[in-house]
Amino acid sequence: MDETMSSTESSTVGKISRAKSIPYSFVGTKKIAEVRTEFDGLEQDHRTGVNVRIAGRAMLVRRQGKLCFFEVVDETARIQVMASQAETVDFDGFASIAVGDWVGVDGEVITSRRGELSVMAQGWVLLAENRRGFGDKWHGISDPDVRYRRRYADLWVNERARRSLAIRFKTVAEIRRQLAERDFVEVETPMLHPVASGAMAKPFVTHHNALDMDLYLRIAPELYLKRLVVGGFERVYEIGRSFRNEGISPRHNPEFTMLELYQAYVDVEEMMRLTEELISSVAQVVVGSTTITYQGETIDLSPPWRRLTMEEAVSESLGSDISFYMPREELAKLVTEHGGKVDSSWGNGKLLLELFENVAESGLIQPTFVYDHPMEISPLARDHRSRPGFVERFEAFVAGRELVNAFSELNDPDEQKRRFADQLEQRTAGDDEAMPMDSDYVRALEYGLPPTGGLGIGIDRLVMLLADEAQIREVVAFPAMRAEQNFE
RNA sequence: GCGCCUCUAGCUCAAUGGCAGAGCAACGGACUCUUAAUCCGCAGGUUCUGGGUUCGAGUCCCAGGGGGCGCACCA
């Protein structure tokens, strides 16, 4: 035991003023997982003569008179810590450690008579009290409201909560690593926007006092990232929060994380390849396989992914061929027949999308690229090179949900201006989610955007998939909640 | 925003309209090999809130609040 181990101090620690003698540092010699691997396979009732120092949280306590058993958990693993009146300094003090307290322990690595790898505490020190407790030791905390509000407790009590968030953090780190490998530069763009454009959604509004102007929390970073491409950054990406002032649901949090990526000189084809490679290799690293189970379905993420046009997807689901070019009345009839809405202002493009969402989307379980979207619903994508009325765009669907949206970026400033004007028309026609005009973005295009492929991946949804979680709140550390009533 | 479900001790849950309970946690005590749940003892409540029906409401009705699910909106 060296001088930083304050077991003699701790020996004076009583229950009343426990917190007062808490040290300012306590550096263990090993993480618990290291102890476990290093001393794996010992026979029962064995003493190694080797001392280790570990730190963690006492998550279970079993008192047995002059002997006491704890399960101490750190970031890496859990291990049994034993204390005995014969060997442990201030045994009574140690025995009063409660479930949830943080402790530092110095002791010999042994196995118990039952054979469990343990640390026989000699010195120990309280590192923090848990005054609140962790609730029922068998059932833990099951009230979702309490779980999300007190995530710091949830993470100790519900193994799955920890696992799902760990998958999230690892996924983001791995995406960054792989994009760096492909020479993409991670950039940052504004979150406070004078114009809420780049997507179709209702923004949050805020106000800047010194400038005396309203600003919008960004609904998408898209237009700024493309400005950077105009500025000469040829491969950029941003993983960051966007904000949409819409309903909260099992699949929607008001702030959510997207990866948006832009690569100069390539088209939507290249974005497809990048998508399937990136997602499958991230899955391989994060969950150890490209085959995953999501809500009971086995999903194979390995490339190549299935590809079909939006019309093909609809035709397949309907069992009869449909076409974007068929008369509007026929398309509208199909939409209503299949439970969709029809608005008199909608053209064939919106009708096709509505039909797709109603009949095809939820059936796309295995990874599927749906491509060739109508221009009407794609104001930022470049005109299709051969099909009038269409753009070069795809969305990737997995488990019946949109996961990726990508296109060959529209780089003709005149056409972009015209598309914004169309949106404006839809806005005045009552669609308050139509995209507003961003004149500076059009000006940027006038300086010249090279042919560029762009890609957006919903990180929360990707993580839901990898973690097999049905609810977005399970993969967001601190999901949006109403202000807490009756705080205690 | 609409519909359905739900709210009882710190936690997990009981209680045909008839005395609000159990297990765990806490607290006091016993126990030197335990593995969520050893034994003994003790304590713990505005049954989410406010109205109403009833001799009597945790239970039925109405309104409100929190939460969940579905729909709508969206990613």
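We name chains A, B, ... by the order of the sequence lines, and we start the count at 1 in each one.
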Which part of the nucleic acid, if any, lies within contact of [X], taking any heavy atom under 4.0 Å across all strands shown: a base, the sugar-phosphate backbone alone, or nothing?
| X | result |
| --- | --- |
| A:Ser142 | sugar-phosphate |
| A:Met258 | nothing |
| A:Asp460 | nothing |
| A:Ala86 | base |
| A:Gln64 | base |
| A:Asn245 | nothing |

Establish, with yes or no, whether the OP1 or OP2 oxygen of B:A25 is under 4.0 angstrom from a side-chain nitrogen or oxygen of A:Lys137.
yes

Check this for me: does the side-chain of A:Gln85 come within 3.5 Å of the base of B:U32 through a donor and an acceptor?
no

Does A:Glu38 come within less than 4.0 Å of A:Arg36, counting only side-chain N to carboxylate O?
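Looking at A:Arg36 together with A:Glu38, the answer is no, because their closest N to O distance does not fall below 4.0 Å.
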
Enumerate, in order of first residue number, the stems that involve RNA chain B, defined as 3 or more consecutive Watson-Crick or G-U wobble pairs with both distances under 3.5 Å.
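As far as RNA chain B goes, consecutive pairing (with distances under 3.5 Å) yields the stems B:1-7 with B:65-71, B:10-13 with B:21-24, B:27-30 with B:38-41, B:48-52 with B:60-64.
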
Rounded to whole angstrom units, what separation is found between the NE2 atom of A:His139 and the C1' atom of B:U12?
5 Å

When the distance from CG of A:Asp101 to C1' of B:A26 is rounded to whole Å, what number comes out?
13 Å

Is there a stack between A:Trp138 and B:A37, judged by ring centres under 5.5 Å and planes under 30°?
no

C1' atoms of B:A25 and B:G44, separation to the nearest Å
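Their C1' atoms lie roughly 11 Å apart.
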
